[in-house]
Protein chains: 4
Amino acid sequence: MAGVAPVRRVSRPRADAVRNRERIVTAAREMFVESGAQVPLDEIARRAGVGNATLYRNFPERDDLVREVVLSLTARITERAVEATEQESDPFEAVRRFTHAAADERVGALCPMLDGDFDKNHPDLLAERSRLEEAVQELVERAQTAGRMRADVGAGDLMIAVSQLTRPLPGTACPSMDRFVHRHLQVLLDGLEAPARSELPGSAATLEGLRRESGCTS
Amino acid sequence: MAGVAPVRRVSRPRADAVRNRERIVTAAREMFVESGAQVPLDEIARRAGVGNATLYRNFPERDDLVREVVLSLTARITERAVEATEQESDPFEAVRRFTHAAADERVGALCPMLDGDFDKNHPDLLAERSRLEEAVQELVERAQTAGRMRADVGAGDLMIAVSQLTRPLPGTACPSMDRFVHRHLQVLLDGLEAPARSELPGSAATLEGLRRESGCTS
Amino acid sequence: MAGVAPVRRVSRPRADAVRNRERIVTAAREMFVESGAQVPLDEIARRAGVGNATLYRNFPERDDLVREVVLSLTARITERAVEATEQESDPFEAVRRFTHAAADERVGALCPMLDGDFDKNHPDLLAERSRLEEAVQELVERAQTAGRMRADVGAGDLMIAVSQLTRPLPGTACPSMDRFVHRHLQVLLDGLEAPARSELPGSAATLEGLRRESGCTS
Amino acid sequence: MAGVAPVRRVSRPRADAVRNRERIVTAAREMFVESGAQVPLDEIARRAGVGNATLYRNFPERDDLVREVVLSLTARITERAVEATEQESDPFEAVRRFTHAAADERVGALCPMLDGDFDKNHPDLLAERSRLEEAVQELVERAQTAGRMRADVGAGDLMIAVSQLTRPLPGTACPSMDRFVHRHLQVLLDGLEAPARSELPGSAATLEGLRRESGCTS
DNA sequence: CATGAATGAGGGTTCATTCAT
DNA sequence: CATGAATGAACCCTCATTCAT
């Protein structure tokens with residue numbers, strides 16, 4: 001009867017368990033973005049509507065949960081970079097578009113998550129970051145090659161500056177802030193557009209180089 | 001006056017008490033900047049070389065200590081603004097100078113301190129912030145009046161952008177970061193220099209307006 | 001019988017269910033002996049190769065599992081007592097043989113299991129203990145009747161002393177300990193051999209009496 | 001004014017703090033003896049009448065508290081050994097006396113405390129154990145030299161056997177047990193009295209040797 | 001006024017037990 | 001009947017804040 005073996009998946013992943021996991025990650029992303037990286041895990045569990053131990057079953061250490069959120073955010077941002085490259089004909093317009101899109105995806109929320117003893121060299125992270133790296137590098141190089149973007153900055157500079165400028169402000173204190181973020185990005189982008197108006201100290205930051213030093217790329 | 005018991009002024013600010021207070025504030029500033037805004041107060045006391053209760057005598061609640069540090073940092077930054085205005089002949093060069101100086105004063109470290117239930121409308125804060133406001137406003141207006149800085153940004157935009165770009169990265173993980181901060185500021189400044197290269201969404205942020213909304217100015 | 005639906009006996013004790021139960025008990029005994037009485041039930045289930053809920057189906061409360069292990073250990077020790085009585089001609093040699101055999105069966109591991117709210121008066125336990133009681137009583141009485149064992153001790157004294165002397169030492173810290181246990185038993189046995197060298201305080205402990213008081217016989 | 005410097009002890013140990021520490025240790029000893037080594041620290045604090053954090057201030061890790069109790073118990077037992085040596089003319093009677101006294105001091109409670117990751121090689125422990133070692137060794141050697149105790153056992157055998165025979169039974173289930181303990185010790189002692197009635201397997205356990213292997217001496 | 005000690009309210013985590021597939 | 005997932009109570013520990021010397 002070979003070939004007719006019933007397709008018994010080893011253990012079907014139980015619909016509700018999957019939903020729970022997703023609800024936890026969603027709640028975590030929301031709360032990390034809103035309230036910073038120190039939100040009590042119990043509150044995330046409550047917001048997700050599950051018991052705290054369920055959270056621990058899915059993410060035995062706090063880092064595991066943080067990493068999951070970082071991964072999903074990173075993936076979404078990579079998508080925006082690819083989109084921008086593909087859909088925008090002017091290469092510096094692509095950089096602008098990506099930058100504003102990254103802000104909307106809350107790229108700035110990543111930084112505070114990388115706190116403490118978070119393992120920045122976890123294989124999954126490295127892999128996902130490679131994809132982001134490649135996508136942004138592509139974006140930046142095109143603009144520079146076309147002479148539309150100053151040549152003395154790297155993809156790393158762009159990512160860090162954008163992340164910082166879009167970092168959530170403490171507490172939920174400044175919802176109004178969002179309105180200003182895009183202004184600041186626009187100013188920064190104006191500073192990035194060729195021709196350069198001033199000289200920069202140090203040398204261009206590459207994502208690769210940043211990763212080597214600290215892993216704080218994104 | 002020999003022979004007359006020295007008049008005991010009602011509240012003579014005993015020399016050592018004053019020194020203690022200063023040592024506490026200094027220790028707090030250092031540790032907030034180095035290790036983030038969550039350092040245990042006991043550690044600050046230890047670093048200052050005083051008992052924890054002494055710290056509490058001077059600053060009954062944690063917020064009181066944080067506020068003191070914020071005030072002193074703010075004051076130092078105001079000084080830099082004044083200095084830049086006075087000592088730099090070109091008004092946009094003054095803006096550049098102030099911006100880099102503010103970074104060196106760790107203006108970015110202010111943000112993480114404003115966490116939680118910190119009262120951002122405390123009279124002392126408002127007063128100190130007024131002084132900063134005035135100084136930066138002056139700086140910006142001069143540059144704009146001289147046609148050296150784009151007119152569609154406000155002092156609030158400058159302060160927020162600079163604060164964000166210089167925020168410490170999580171942990172002490174990225175000491176290398178410091179090396180890049182001034183690059184990013186320089187790019188931002190290039191974007192601020194007249195003539196404007198793009199239009200900005202929203203309207204210019206004034207420090208006054210920001211204060212009204214959220215108090216997150218600095 | 002082809003074509004005829006097999007008669008479903010009302011409670012056929014499905015072969016695999018029986019095997020599961022046995023595997024659980026075995027795993028539990030091993031882990032209790034190896035790692036103490038506090039091993040998480042999930043680990044026992046894992047070692048047994050079944051899901052934790054299967055364990056709970058068979059043993060609704062932790063105590064039910066512990067009791068099963070206690071019962072099986074008790075039964076094995078009873079067997080040793082019977083063996084010793086039957087196979088050893090000299091009645092005190094029988095006592096010696098049983099004592100060392102009980103040690104090898106890990107009689108000492110029983111004590112730590114009786115912790116907490118374990119119900120020491122469960123009918124099954126009482127029944128099994130009766131059998132042990134009878135067997136050891138027989139062993140002891142024979143030796144005493146033959147004048148080979150001092151008369152002022154009871155079967156209860158023997159059981160308790162042997163259990164205590166063979167209790168596992170904390171952690172797995174002292175594997176070397178095993179080497180000494182038989183020495184101590186031998187000394188104890190020398191003290192039990194007639195004629196008595198000293199007077200004993202109190203009166204002989206019978207298993208029956210101990211059961212009445214506390215159930216800690218075994 | 002040299003020589004008249006006021007004797008300002010660096011920090012007088014505050015009477016109530018000392019009392020608290022003692023109350024904690026006492027409560028711990030009682031609860032360890034009564035309920036085993038796993039009693040929640042919070043309960044010990046409650047029994048001692050202090051907040052849990054006070055306990056943690058005095059004993060930052062659980063081990064630190066356990067060690068303190070072990071040290072004090074060990075010291076008391078050493079005292080009994082010295083007493084017995086000094087005050088009993090017949091050297092084997094001294095062994096008997098010490099053995100029963102050690103039981104009354106709850107020497108058996110030590111074993112369960114040495115659980116888990118307890119550091120058995122802490123300097124303080126080693127020191128205290130050396131004193132015990134010396135005292136018991138002395139006691140045993142005198143009896144053996146006088147021909148009153150069998151020569152094929154060591155001080156280590158005595159200590160382990162006595163510890164085991166007096167270990168508290170699980171829970172507080174068997175208060176009645178205490179009544180029997182001295183009977184069993186008496187039997188053991190009869191087995192230790194010269195002349196030897198049987199041969200012992202293995203070789204005599206010395207406290208020194210035991211320490212080397214596992215630290216479970218007492 | 002300065003100090004070390006004390007406090008109790010959480011946060012992180014584990015585990016016996018129950019539930020849904 | 002078997003399973004993995006879910007649950008909540010309880011433990012350990014930290015830290016802002018208060019108290020006693």
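Only a predicted model underlies this, so the values are computations on that prediction, with no experimental measurement involved. Just so we're on the same page: letters track the sequence lines, and every chain starts at 1.
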**OP:** Give the C-alpha distance, both sets of side-chain angles, the deciding distance and a yes or no for side chain to side chain contact (heavy atoms under 4.5 Å, CB included) between B:Leu41 and B:Phe59.
**Re:** CA-CA 11 Å; B:Leu41 293 190; B:Phe59 307 98; over 6 Å; no
**OP:** Just do the side chain to side chain contact (heavy atoms under 4.5 Å, CB included) check on B:Arg23 and B:Thr26 with the steps written out, would you?
**Re:** CA-CA 5 Å; B:Arg23 292 209 294 182; B:Thr26 300; 5.7 Å; no
Original post:
Hey, mind stepping through C:Val25 and C:Asn58 against side chain to side chain contact (heavy atoms under 4.5 Å, CB included) and telling me if it holds?
Top reply: CA-CA 10 Å; C:Val25 175; C:Asn58 285 278; over 6 Å; no
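Atom P of nucleotide E:dT18 and atom CG of A:Asp16 are separated by 19 Å, given to the nearest angstrom. Rounded to an integer number of Å, the gap from CE of D:Met31 to P of F:dC11 is 11 Å. The separation between B:Ile44 atom CD1 and F:dA16 atom P is 8 Å, rounded to whole Å. Computed from coordinates, the B:Arg23 CZ to E:dC1 C1' distance equals 15 Å when rounded to whole Å. The interatomic distance linking A:Tyr56 (OH) with F:dA10 (P) rounds to 18 Å, in whole Å. Atom CD in B:Gln38 sits about 14 Å away from atom C1' in F:dA16, given to the nearest Å. F:dC15 atom C1' lies 13 Å from atom CZ of B:Arg46, rounded to whole Å. Taking atom CZ of B:Phe59 as the reference point, atom P of F:dT18 lies 16 Å away to the nearest angstrom.
Side chain of A:Ala17, nearest nucleotide from E:dT17, F:dA5, F:dC19: F:dA5. Out of E:dT13, F:dT17, F:dT3, the shortest distance to the side chain of B:Asp42 is found at F:dT17. Nearest nucleotide to the C:Pro40 side chain, out of E:dC15, F:dA2, E:dA6: E:dC15. Comparing E:dG8, E:dG4, F:dC1 by their closest approach to the side chain of B:Asn52 singles out E:dG4. For B:Glu61, whose side chain is taken as the heavy atoms from C-beta onward, the closest listed nucleotide among F:dT17, E:dT14, F:dC12 is F:dT17. Side chain of C:Ala53, nearest nucleotide from E:dC19, E:dA6, E:dT17: E:dC19.
Using a 4.0 Å cut-off, no side-chain N or O of B:Arg62 falls inside it from OP1 or OP2 of F:dT17. Checking the phosphate oxygens (OP1, OP2) of F:dT7, a side-chain nitrogen or oxygen of A:Thr54 falls inside 4.0 Å. Distances shorter than 4.0 Å separate some side-chain N or O of A:Asn20 from OP1 or OP2 on F:dA6.
Looking at C:Arg19 and C:Asp16, no side-chain N of the basic residue comes within less than 4.0 Å of a carboxylate O on the acidic one, giving no salt bridge.
When both pairing distances are held under 3.5 Å, F:dC1 makes no Watson-Crick or G-U pair with any nucleotide shown. Of the nucleotides present, F:dC13 is the one that pairs with E:dG10 by Watson-Crick or G-U wobble criteria, both distances under 3.5 Å.
Within 4.0 Å (heavy atoms only), D:Arg57 reaches at least one base atom of the nucleic acid.
Each of C:Gly51 and A:Leu55 was matched to the nucleotide of DNA chain F holding its nearest heavy atom; the match closer to the 5' end belongs to C:Gly51. When each of C:Asn58 and B:Leu41 is assigned the nucleotide of DNA chain F bearing its nearest heavy atom, the one mapping closer to the 5' terminus is C:Asn58. Summary of the strand contacts: D:Arg21 and C:Val39 both lie near DNA chain E, and taking for each the nucleotide with the nearest heavy atom, the more 5' one is attributed to D:Arg21.
For the pairing with C:Glu34, the salt bridge (charged side-chain N to carboxylate O under 4.0 Å, His left out) check across C:Arg47, C:Arg29, C:Arg106 returns one residue only, C:Arg47.
Other residues, nucleotides and ligands contribute more than 12 heavy atoms inside 6.0 Å of the CZ atom of B:Arg21.
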